[in-house]
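Order of the sequence lines fixes the chain letters, A, B, ..., with proteins taken first and strands second; residue numbering starts at 1 for each chain.
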Amino acid sequence: MSAVRLEGAVVLLGRFPALAGADFAVDSGEVVLVRGPNGAGKSTMLHLCAGLLPLSEGRGEVLGSDLGSDRAAVRRRVGLLGHDTALYGELSAAENLDLWARASRVDAAGVPGALRRLGVPEGLWAVPSARLSAGQRRRVALAAVVVRRPELWLLDEPHAGLDSEGRELVSGLMSEAAAAGAAVVLASHEPGPADGLATRTVTMAGGTVSADAA
Amino acid sequence: MSRPATGDPTTPTGYLGGPARTGSRFTFWLGAATLAGFAGVAALGLLVVPADDVQGDAVRIIFVHVPSALGAYAALGLTAVGSVMWLWRRSQWWDITAHAGAEVGVLLCGLMLVTGMLWGRPTWGTYWEWGDVRLVTALILFLVMVGYLSVRALGGPAGSVSTRAAVVGLVGAVNIGIVNRSVNWWANRTLHQQSSLTDGKLEDMTLLTLILAFVVAAMAIWWMVMHRFRIGWLERQLADRDIHQAVQARRAEAGR
Amino acid sequence: MWRDLRLLAGDIGLVAAKDLRIEWRARTTLGQVVPFALLVLVMFGFALNANRPTLELATPGLLWMTVLFATVVAVQRSVAVESTDGAGRMLLLSGMAPAAAFGGKTLAVAVQLLAVAVVLVPGVVLLYGAEIESLLLAVVTSIAATAGLAAAGSLLGAVVAGVRAHQTVLPILLLPVVAPVLIAATRAFEDALGTAAVNGWSWVGLLAGFTAANVALGAVAYGPLMEEA
């Protein structure tokens, strides 16, 4: 099943075409690594696939919903890990995830399991997330993706800022998700731990997807 | 963002699919007629119309004041409609119209306030009268629309600015009614004369001049909104062309 | 229908509780907005030359002018909560109805403004020698006025969210629009404090109308604004 299909996608950030006609497709069960230098448009493409940015030109469909007419439906079904953690700094890890689960209408009972799965020590669950270390905050943000069990995982540099144990955890999560039928797209600007996982690698440059190699 | 498919994107006229100017044969004659109308209203209002029994020569201000008041509300009504149409249908045409209406409206609203105060001094003995509902409402309206223009000036992605401004336009349109209501109850001692047109006390010549002034004002507003609309439209086309070129340049980065 | 309304109410509560909990932890309202409001009362005392009759006459207006200042601060804080570290993306991705997000943020601001009013009213009693003749009218007016200020403030706060000049633009947009609240709440308090012979309850009706209109506007217009942020 097709999870993502972009044809000639143009996305403007202000007046800058961060995506300048990108063609990109992902099927369920795939783990696609998006490679490319800083500024190639990787993050923009992930945000577009999450339904967070409007499409200026071209066409796009994510999980069967059109990016032009129904971005709200897309947003409800994806999991996105961005550069920033999208956590409320004054709320603890547990409070953030509880709010997220309730607002997304998924079972909040899955929160402790997700935090454990990401290896966040129980002693830190009640600490305001602004006071956690960068690596712990990132684990909490990943736990938010896990809580939702999305059909499409969009991970921007998921291994950045994590120790080796954390990187292995993340890799394990991605394989599991793909095995369960979800599509996983991860962006990375350098060769690293993600390489072995990917079933496919594409390269981005100048706001376009330039090479699509198996 | 649709753009005309015809033409060569590298030359302005070709890409814009039409001449890159705001005037046309029609607006030229409309503008000429408006200028002639202004001269006519000035001649009639200053030389022919007799002084008022009560207000004296100050009555002549109504030839500017009343048409600019009605014009201000009409132009700002255009902004309100345009705001709704942008939020509802994302109509670029209405979005540009809303902006044009706001700029013309602020101008006329300012003119109404200044002439109102100039008239109030000899007639009421004061420039500003807090008890007058229409005056206070007009001032609040003026401030709301200045806020609208300041949001327009913020910059940012085209769609985002339009949406922000449209919400301000909508909020302003709804709340100006409540402002009017509240000032009405609050003041409840209005000095403003009832409509000069309907109380039957105007001289024939005065009434005729006022009607001419309305027509000329409507023509002037039409002329201004059309030009302002075309400026906005050309700005969009230009921005589209810049983006088109930026997309090409960006693709070139990738070596395509 | 009923189920939808219940879910909407639940989401509003979720967002309001979130904002209030964040405010409670950061102590912005209690630690900065309330002292600021009290300070304004004291400064007005100096500005009006501590003249008792003048102060008594001006009390309702000064009180609500101060709440208006507090509204600007509280709304700016409410906007900042969402823009820090991309936190607002959580509500956007959750798929929550924009009307619920608007309602929740409005409710949280209204509660904070009510807290400011609860401190200010005893403040004017102590500092300006005001006397409360109708406590019920004062309470109902405060609730209706703060709700209206919060609704208009939250909507216009979303208009300027993410814009660099938002701190200067917000007052320009907000103050003219809330002029009816200042007029109506001041008149109603003149009745409640017995400083003028007016019918305060009819002004409460106007406040309710203002609140209803701006809540409806927010419910409709918040979605497009969230999309653009």
Side-chain angles (χ1 to χ4, degrees), chain B residues 76 80 83-90 95 106 109 130-131 133 136-189, chain C residues 61 102 148 151-166 168-188 190 196 198-199 202-203 205-218 220-229:
Chain B
L76 298 167
S83 299
V84 171
M85 292 307 282
W86 167 259
L87 291 175
W88 185 24
R89 291 278 168 86
R90 287 189 83 86
D95 179 43
V106 164
C109 200
W130 282 100
V133 179
V136 176
T137 305
L139 179 61
I140 297 286
L141 181 64
F142 182 74
L143 294 171
V144 169
M145 295 321 291
V146 166
Y148 177 93
L149 290 183
S150 68
V151 169
R152 280 280 178 186
L154 282 177
S160 157
V161 176
S162 303
T163 301
R164 292 171 198 268
V167 172
V168 175
L170 190 61
V171 169
V174 170
N175 280 290
I176 203 66
I178 304 177
V179 170
N180 187 279
R181 206 62 268 151
S182 61
V183 178
N184 207 346
W185 285 4
W186 171 57
N188 156 32
R189 48 187 159 147
Chain C
F102 167 74
S154 297
L155 180 55
L156 291 171
V159 165
V160 299
V163 169
R164 224 173 309 136
H166 67 95
T168 39
V169 179
L170 180 65
I172 299 178
L173 297 181
L174 183 60
L175 294 181
V177 166
V178 297
V181 178
L182 183 62
I183 294 175
T186 302
R187 286 303 90 80
E190 282 178 353
V198 289
N199 180 2
S202 65
W203 287 104
L206 192 131
L207 287 172
F210 178 92
T211 304
N214 282 281
V215 166
L217 278 173
V220 175
Y222 208 71
L225 289 172
M226 266 176 98
E227 288 275 336
E228 299 292 351

**OP:** Name the region of C:Val160, side chain, backbone, both or neither, that has any atom closer than 4.5 Å to a heavy atom of chain B.
**Re:**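 C:Val160 touches chain B through backbone heavy atoms alone.
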Original post:
Is chain B contacted by the side chain of C:Ala216, its backbone, both, or neither, given a heavy-atom distance below 4.5 Å?
Top reply: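 C:Ala216 has no heavy atom closer than 4.5 Å to chain B.
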Counting heavy-atom pairs closer than 4.5 Å to chain C, which one of [options] comes out on top?
options: B:Thr163, B:Ile176, B:Ile140; result: B:Thr163
options: B:Ser150, B:Ser160, B:Ala165; result: B:Ser160
options: B:Asn180, B:Val168, B:Leu87; result: B:Val168

**OP:** For the pair B:Arg164 and C:Val163, evaluate side chain to side chain contact (heavy atoms under 4.5 Å, CB included) and give the outcome as yes or no after the intermediate values.
**Re:** CA-CA 10 Å; B:Arg164 292 171 198 268; C:Val163 169; 3.4 Å; yes
Quick one: what part of [X] sits under 4.5 Å from any heavy atom of chain C, side chain, backbone, both or neither?
X: B:Val179; result: both
X: B:Leu154; result: side chain
X: B:Val174; result: side chain

Subject >> Distance-minimising heavy-atom pair for B:Val167 and C:Ala221 >> reply: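 Minimum heavy-atom contact is CG2-CB, 3.9 Å.
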Original post:
Which heavy atom of B:Leu170 sits nearest a heavy atom of C:Leu217, and at what distance?
Top reply: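 Residues B:Leu170 and C:Leu217, closest heavy atoms: CG-CD2, 3.7 Å.
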Subject >> Max heavy-atom pair count under 4.5 Å with chain B, selected residue of C:Gly162, C:Ser202, C:Pro180 >> reply: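 Of the options given, most contacts go to C:Pro180.
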Original post:
Relative to chain B, which of C:Val181, C:Ile183, C:Leu156 shows the most heavy atom pairs under 4.5 Å?
Top reply: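 Looking at each option in turn, the highest pair count goes to C:Ile183.
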Original post:
Can you name the ring-ring contact (aromatic ring centres under 6.0 Å, His included) partners of B:Trp86, sequence neighbours left out?
Top reply: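 By the ring-ring contact (aromatic ring centres under 6.0 Å, His included) rule, B:Trp86 matches no residue at all.
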Residues 169-179 of chain C side chain polar contacts: donor-acceptor under 3.5 Å, at least two apart:
none

